[in-house]
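Within every chain, numbering begins at 1; the chains are lettered A, B, ... in the order of the sequence lines, protein sequences first and strands thereafter.
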Number of protein chains: 2
Amino acid sequence: MDVLMQSLRIGINEKLYIKDPESSDLGKKIVEESILLIDEIGFESFTFKKLGARINSNESSIYRYFENKHKLLLYLASWYWGWMEYRMVFDTNGISNPVEKLSKAIEVLTQNVEEDNAFSHINEVVLNKIIINEYSKSYLVKEVNNEDKNGYFIVNKRLVGRLSEMIVAVDKGYAYPLSLASTILEGTLHQYFLKEHFPMLTNCNENVTPTQFFTDLIFRTLNLNVNG
Amino acid sequence: MDVLMQSLRIGINEKLYIKDPESSDLGKKIVEESILLIDEIGFESFTFKKLGARINSNESSIYRYFENKHKLLLYLASWYWGWMEYRMVFDTNGISNPVEKLSKAIEVLTQNVEEDNAFSHINEVVLNKIIINEYSKSYLVKEVNNEDKNGYFIVNKRLVGRLSEMIVAVDKGYAYPLSLASTILEGTLHQYFLKEHFPMLTNCNENVTPTQFFTDLIFRTLNLNVNG
DNA sequence: GCTAAAATAATAGTAATACTATCAATTATC
DNA sequence: GATAATTGATAGTATTACTATTATTTTAGC
């Protein structure tokens, strides 16, 4: 991504943090290192105490930024989906042909994540790994309805909505655009997980990508051919 | 389900429990009430202490059956998928036409769960709810590879394999039968979750079922028509 | 460059969790 | 009726998930 865009920020619901982590070095370090630590030891074993030790800071200081690790995960997830949305919109912006546009969107949303230098304190590759492994835990909780009311999932919802609209744009008659869109987004994470841990449950591997699987699925479902 | 089959048992990996819960009244009560309690308060808040209080038994007694709540969840998940597999095989058994067979399998795997009187101490309707809400947490853990080596996920894997074979049977040329099968199983849980908590992210509602969505998806993808 | 305010660190403390261990009381078996 | 197996009760430990208080350091304004 272009260096010109270095002042770009992903907008995140302010209720997800107590103090904006983007507003200080410590805050950025908390976000940066939490991604690495969650990836290393898993969300269940991750604690603010361990994170504090790792960044030579204090548990109590981290609590001044985030109420608890669940909110931190929601923050990271919002960042991730905001970033995906931004890239999807950016990369599909100039495309007028709806089929090409949808095709490009699927590509951006399902392809392997690569580092984006526009956001120096966030390692997108590792963040993608923790989204694959931990994202479900952010919404599969008893409090989900309340949290949704607080707007914690708004970015993901907007993204599903946008993808759904692109599906409608190529096939107004299709009865399940939202379900298809949500299946693609969630199924992508699942296919990457299976590829890593249950290779016998997926056809994705070094030679076959989730992008190919989902592109093929969408094109067959919407009765298109690859050239639009 | 027929009363004739009341001695039916779902086979579960013995490493998932310390003492077989089917072997005693207390064991059955643990399973029965854990399903209800997890549904009521969620897996995160669920503890063996609370379960003990609920069934007028003791925390320490429950620990003699299950090592921890994670193993209990794996046990419940194995039971659930074993039951689904059994019903899928049973209901598709006599069907020779591969398209009809696949169609029936999809129906069994995606339709709303109803109580099965063949297993008196398990409330399948509530178990289905906790699978929708908690199943991901059983495999989205750091230890997943080791647990897989222990065979904790064998039932689910076998089910994906069977469904994949049914897909191959109707379309030998289709390149992604495993990915499609795993997407259906996991996507079904997700669509039910969305229907309940994020209705704006799915087309499933009182009038449209996940079965319709997935049947349509499979038929379009494999280029079939509804009558086989 | 000094002061005041803000931010961070250090320490302590609490209730709950996730267990383990021990021993007592019941219940089943032979 | 004795013995073994099961279950229950109690206690104890390390860790988690915080909150509160106070000390120290950093920063910003003048």
Side chain of B/R64 (C-beta onward), nearest among C/dA9, D/dT7, D/dA17: D/dT7
Touch class at under 4.0 angstrom, heavy-atom based, for B/S61 against every strand present: base
Touch class at under 4.0 angstrom, heavy-atom based, for B/E67 against every strand present: sugar-phosphate
Sugar-phosphate only, base, or nothing, as touched by A/N56 at under 4.0 Å among non-hydrogen atoms: sugar-phosphate
Atom-pair distance (NZ on A/K71; P on D/dA17), nearest Å: 15 Å
Side-chain N or O of B/S60 closer than 4.0 Å to phosphate OP1/OP2 of D/dA11: no
Interatomic distance, B/D25 CG vs C/dT26 C1' [rounded to whole Å]: 15 Å
Parallel, tilted or perpendicular, as decided by the 30° and 60° cut-offs, for the rings of A/Y139 and B/F198: perpendicular
Aromatic plane relationship, A/W83 with A/W79 - under 30° parallel, 30 to 60° tilted, over 60° perpendicular: parallel
Rounded interatomic separation in angstrom, taking CD1 from A/I41 and C1' from D/dT16: 13 Å
Under-4.0 Å side-chain N/O to phosphate OP1/OP2 contact, B/Y65 with D/dT7: yes
Side-chain N or O of B/K19 closer than 4.0 Å to phosphate OP1/OP2 of D/dT7: yes
Out of C/dC19, D/dA9, D/dC18, whichever nucleotide has its closest atom nearest the side chain of A/N68: D/dC18
A/N156 and A/Y135 side chains, donor-acceptor separation under 3.5 Å: yes
Rounded interatomic separation in angstrom, taking CG from B/L51 and P from C/dC19: 14 Å
Sugar-phosphate only, base, or nothing, as touched by B/F48 at under 4.0 Å among non-hydrogen atoms: nothing
Euclidean distance, atom CD1 of residue A/I18 to atom P of D/dT19 [Å, nearest integer]: 8 Å
Sugar-phosphate only, base, or nothing, as touched by A/K69 at under 4.0 Å among non-hydrogen atoms: sugar-phosphate
C/dT17 phosphate, OP1 or OP2, under 4.0 Å from B/K50 side-chain N/O: yes
Protein-nucleotide distance (B/K29, atom NZ; D/dG8, atom P), rounded to Å: 11 Å
Pi-cation contact, B/F43 with B/K69 (under 6.0 Å, within 45°): yes
Nearest-angstrom distance from the residue atom CG of B/L26 to P of D/dA9: 12 Å
Note: A/R87-A/E124 ion pair, threshold 4.0 Å (strictly below): no
OP1 or OP2 of C/dA9 under 4.0 Å from side-chain N/O of A/S57: yes
Interatomic distance, A/N58 CG vs C/dA10 P [rounded to whole Å]: 6 Å
